[in-house]
Undergrad: 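Would you mind keeping the following structure in view while I ask a few things?
The chains referred to below are lettered A, B, ... by the order of the sequence lines, with proteins before strands, and numbering in each begins at 1.
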Protein chains: 2
Amino acid sequence: MTQTIRAPEILEIARRDGKVTVDGLAAHFGVTLQTIRRDLTDLAEAGRLERVHGGAILPSGTSNIGYEERRALNADAKAAIAQACAARIPEDISLFLNIGTSTEAVARALLHHRNLLVVTNNLNIANILVANDSCEIIVTGGTLRRADGGLIGTLAAERIRQFKFDLAVVGCSALDADGDMLDYDIQEVGVSRAILDQSRQTFLVADHSKLARSAPARIGSLSEVDALITDTALPENLARKCADWQTDIVVAPGA
Amino acid sequence: MTQTIRAPEILEIARRDGKVTVDGLAAHFGVTLQTIRRDLTDLAEAGRLERVHGGAILPSGTSNIGYEERRALNADAKAAIAQACAARIPEDISLFLNIGTSTEAVARALLHHRNLLVVTNNLNIANILVANDSCEIIVTGGTLRRADGGLIGTLAAERIRQFKFDLAVVGCSALDADGDMLDYDIQEVGVSRAILDQSRQTFLVADHSKLARSAPARIGSLSEVDALITDTALPENLARKCADWQTDIVVAPGA
DNA sequence: GATAAAAAGCGCAAAAACGAACATTTTCGC
DNA sequence: GCGAAAATGTTCGTTTTTGCGCTTTTTATC
């Protein structure tokens, strides 16, 4: 089990996209499939990756089926959105990252940002960002929700109001035609509201599947966020509203 | 092993790209492959890089090396202590698990306990116990300390005083001949005190290496805990004191 | 379940990279 | 300039890695 020179880059790609494919890596490095397989086997033996048919994924201590599936859903789009979002996040700021698979993707894309103060109520995000040495991590307390690694409860919103963030990145369960951000969980709405109130600037990350869905609890309006980062163009009427609200629309097409 | 003029630049490139190649460096500096190989061999011997075929990469565990070593220290003894401790922990109770490698081992031994309400200020423990579905996990908030996954800060002690635990399992940095529990970090003492105050019952887990060590900050006396779980018999005078205090001594010999 | 397709594993030969010994050049103090 | 010491270049035998053809295993589809 000797280290290969490709190991760091494979791991970086894995952390950025959440997964790697044998085909993709072979093309990327210009080597045969067999060589990549050997690399992935070694990396898996060292516990750095988890081997699956066709490639490898990040080792998930949680192994929550529903969550893993949800994370894999639109993984390419989420990674692209996360890249675009990270590119708009400066260094040396305080930043809140909310619960959600999209915000987790943003955390992965922030691994090379420097001097961030990140506050999060998402255990997975804390686990991802420990790899970034120059980043201070503050975890809000709460009850751990296994479904998504979120820390929930009344205490989270309280804790958040003790801070003032330069920037917040939030997700949502759905986004309706009126430009309202919606969530499945009423408890989380309180947290999201607290975040919007305490941030100088706010980005919403949401892939296109959020547009085709609905949810019962209203977080607020797109007019309250500074930018929406997504992967497909918005319907005409919603795009016009955003223009009126001066809400930037960033479209980052999935690979 | 003499310093070469290229060393700082090689390291800079390595840190920027995550890797360096023999070919690339030879072209960059206009020297032969053999010269670069000598440079990389020296750098690897100095521990600054890790040598691989074709080049070199950054050493893998640059940050958490201290923690991993500490965790591996007396691993057998810690596992045995953890087993003995878990055997004395009933199901259906509320439980606090403090920062520390010994308490992490206890968490691993609790993976098959049912209906526990676990409160912890240790991110690693939260990650371990997600695998136990029947266990509710509450995480105290705080700043993440990379050295050991601990969540620290003034908020932790505050948060703890909002609870009342059936049982607390705590560790300590050292245990002196007078039966005093000691810690390296004065901040943690506040947290440990809060835990002792809020628990109906307390177990201290400490392997024998703690007896041979000292630390500056005093948490409290063994007389305040209900049981000490360790891996070797205590010195005669300390054992007598514990008997007077009605502090149970549990010896779980390492494998 | 049965079957086809994709992916993974295995052994071996070729290629690349490695390290050691020795020749050559550069650097520095005098 | 001169000579010693250090650094670099050259050559060659050895080790490691890679790629190829093959069989075995896993996955997907009917």
Undergrad: Are A/Arg6 and A/Glu12 within salt-bridge range, i.e. N to O under 4.0 Å?
TA: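 Judged by the 4.0 Å cut-off on N to carboxylate O distance, A/Arg6 and A/Glu12 do not form a salt bridge.
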Undergrad: What's the verdict on side-chain hydrogen bond (donor to acceptor under 3.5 Å, both in side chains) for A/Glu104 and A/Asn124, showing C-alpha distance, side-chain angles and the deciding distance?
TA: CA-CA 7 Å; A/Glu104 278 176 42; A/Asn124 299 323; 3.1 Å; yes
Undergrad: For B/Arg51 and D/dT15, give me the distance from atom CZ to atom P, rounded to whole Å.
TA: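 Interatomic distance, CZ of B/Arg51 to P of D/dT15: 17 Å.
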Undergrad: What is the distance, rounded to the nearest whole Å, between atom CD1 of B/Ile5 and atom C1' of D/dT8?
TA: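 So the CD1-C1' distance, B/Ile5 to D/dT8, works out to 14 Å.
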Undergrad: Looking at A/Ala84, is its backbone amide N or carbonyl O close enough to the side chain of A/Arg88 to form a donor-acceptor pair, meaning the two atoms are under 3.5 Å apart?
TA: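 Yes, the answer is positive, given that a donor and an acceptor are paired below the 3.5 Å cut-off.
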Undergrad: Would you kindly give the NE2-to-C1' distance between A/His53 and D/dT27, to the nearest whole Å?
TA: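 That distance rounds to 6 Å.
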Undergrad: Consider only side-chain N and O atoms of A/Asn122 and A/Asn98, and report whether a donor and an acceptor are under 3.5 Å apart.
TA: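 A/Asn98 and A/Asn122 do not have a side-chain donor-acceptor pair below 3.5 Å.
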Undergrad: Mind grabbing the angle between the end helix axes of the helix from C/dG1-D/dC30 to C/dC30-D/dG1? Five pairs an end, 10° rounding.
TA: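 About 60° separates the two local helix axes.
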Undergrad: Say you draw a straight line from CD of A/Glu9 to CG of A/Leu25; how long is it, rounded to the nearest 0.5 Å?
TA: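 Nearest 0.5 Å value for the CD-CG distance: 9.0 Å.
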Undergrad: Does the side chain of A/Arg6 get closer than 4.0 angstrom to OP1 or OP2 of D/dT18 through an N or O atom?
TA: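 Answer is yes, contact under 4.0 Å.
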Undergrad: Considering only heavy atoms, which members of residues 19-38 of chain B lie under 4.0 Å from some atom of DNA chain D?
TA: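 DNA chain D contact set from residues 19-38 of chain B: B/Val31, B/Thr32, B/Gln34, B/Thr35, B/Arg38.
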Undergrad: Find the distance B/Ile57:CD1 to C/dA17:P and express it as a whole number of Å.
TA: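 Spelled out: CD1 on B/Ile57 to P on C/dA17 is 16 Å.
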Undergrad: Is a donor from one side chain sitting under 3.5 angstrom from an acceptor on the other, for A/Lys210 and A/Ser173?
TA: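 No.
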Undergrad: Going by atom types only, do A/Thr21 and A/Asp23 share a side-chain donor-acceptor pair under 3.5 Å?
TA: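 Side chains of A/Thr21 and A/Asp23: no pair found under 3.5 Å.
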Undergrad: How close or far is atom P of D/dA7 from atom CG of B/Asp42, stated in whole angstroms?
TA: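 Going from B/Asp42 (CG) to D/dA7 (P), I get 9 Å.
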Undergrad: Tell me whether A/Asp178 contacts the main-chain N or O of A/Asp180 through its side chain, where contact means a donor paired with an acceptor under 3.5 Å.
TA: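 Pair absent, no side-chain N/O of A/Asp178 close to backbone of A/Asp180.
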Undergrad: Closer than 4.0 Å, any side-chain N/O of A/Thr41 to the OP1 or OP2 of C/dG9?
TA: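 Result: yes.
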